[in-house]
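A quick write-up on the structure given underneath.
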Amino acid sequence: MESLIRQYIAAYNAMNVADMVALLHDVIVFENVSNTNEITTTSGKAAFEALARQSIGLFRIRQQTIRSLTLSDRTAAVEIDYNSILAVDLPAGAKAGEVLSLRGVTVFAFSDGKIARISDYS
């Protein structure tokens with residue numbers, strides 16, 4: 001499981017959607033819950049891939065760094081530092097070139113040797 005997480009984060013940081021998707025279960029559920037009360041949810045590989053490809057254009061660079069990782073039988077909780085530089089202006093007011101930095105927790109769940117759920121909280 002730890003290897004899958006590290007591979008996923010490496011692909012995320014490289015903005016390599018194909019490598020990210022290759023690690024996912026067919027019924028992947030993704031959710032992102034932000035402190036601005038926004039929740040984004042997708043279900044299935046195709047929806048995840050579409051969202052991932054759309055989000056790549058928002059950033060010049062993006063980097064997730066693992067601060068801590070706690071594993072259980074079928075899940076893992078990962079405390080993450082996130083840093084990025086925006087490529088475009090966002091509707092909420094952040095401008096292209098601005099640095100975004102935050103800390104969050106991502107919970108991964110696994111099934112059949114693949115990542116079956118990703119829940120990001122920031």
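Note that these values count all heavy atoms, side chains included, but never hydrogens, waters or copies made by symmetry.
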Here the side-chain hydrogen bond (donor to acceptor under 3.5 Å, both in side chains) pairs for residues 104-115, sequence neighbours left out, are His25-Asp112, Thr106-Asp120

Residue pair [X] / [Y]: nearest heavy atoms and the distance that separates them:
X: Ala96; Y: Asp89; answer: N-OD1, 2.8 Å
X: Leu86; Y: Ala94; answer: CD1-CB, 3.4 Å
X: Ile5; Y: Ile66; answer: CG2-CD1, 4.4 Å
X: Val88; Y: Gly57; answer: CG1-O, 3.9 Å
X: Met20; Y: Ala11; answer: CG-CB, 3.5 Å

[X]-[Y] co-clustered via ILVMFWY side chain contacts under 4.5 Å:
X: Val29; Y: Leu24; value: no
X: Val99; Y: Ile61; value: yes
X: Ile115; Y: Leu71; value: yes
X: Val17; Y: Leu58; value: yes
X: Val21; Y: Ile56; value: yes

Between [atom1] of [X] and [atom2] of [Y], what distance do you get to the nearest 0.5 Å?
X: Arg6; Y: Met1; atom1: CZ; atom2: CE; value: 13.0 Å
X: Ile28; Y: Ser43; atom1: CD1; atom2: OG; value: 9.0 Å
X: Phe108; Y: Ile9; atom1: CZ; atom2: CD1; value: 5.0 Å
X: Arg103; Y: Ser122; atom1: CZ; atom2: OG; value: 12.5 Å
X: Asn16; Y: Tyr8; atom1: CG; atom2: OH; value: 11.5 Å

By the ring pair (Phe, Tyr, Trp, His ring centres under 6.0 Å) test, which pairs, at least two apart or in different chains, include something from residues 44-71? Phe30-Phe48

For the pair [X] (side chain) and [Y] (backbone), establish whether a donor and an acceptor sit closer than 3.5 Å, ignoring hydrogens and angles.
X: Glu49; Y: Ala46; value: no
X: Arg62; Y: Ile85; value: no
X: Asp81; Y: Thr65; value: no

Any side-chain donor paired with an acceptor under 3.5 Å for [X] and [Y]?
X: Asn83; Y: Ser101; value: yes
X: Thr41; Y: Glu31; value: no
X: Ser72; Y: Arg74; value: no

Would Val107 and Tyr121 satisfy side-chain contact (heavy atoms from CB on, under 4.5 Å), going step by step from the backbone distance to the final call? CA-CA 8 Å; Val107 177; Tyr121 303 93; 4.2 Å; yes

Step-by-step side-chain contact (heavy atoms from CB on, under 4.5 Å) determination, Val105 to Ile80: CA-CA 6 Å; Val105 172; Ile80 291 184; over 6 Å; no

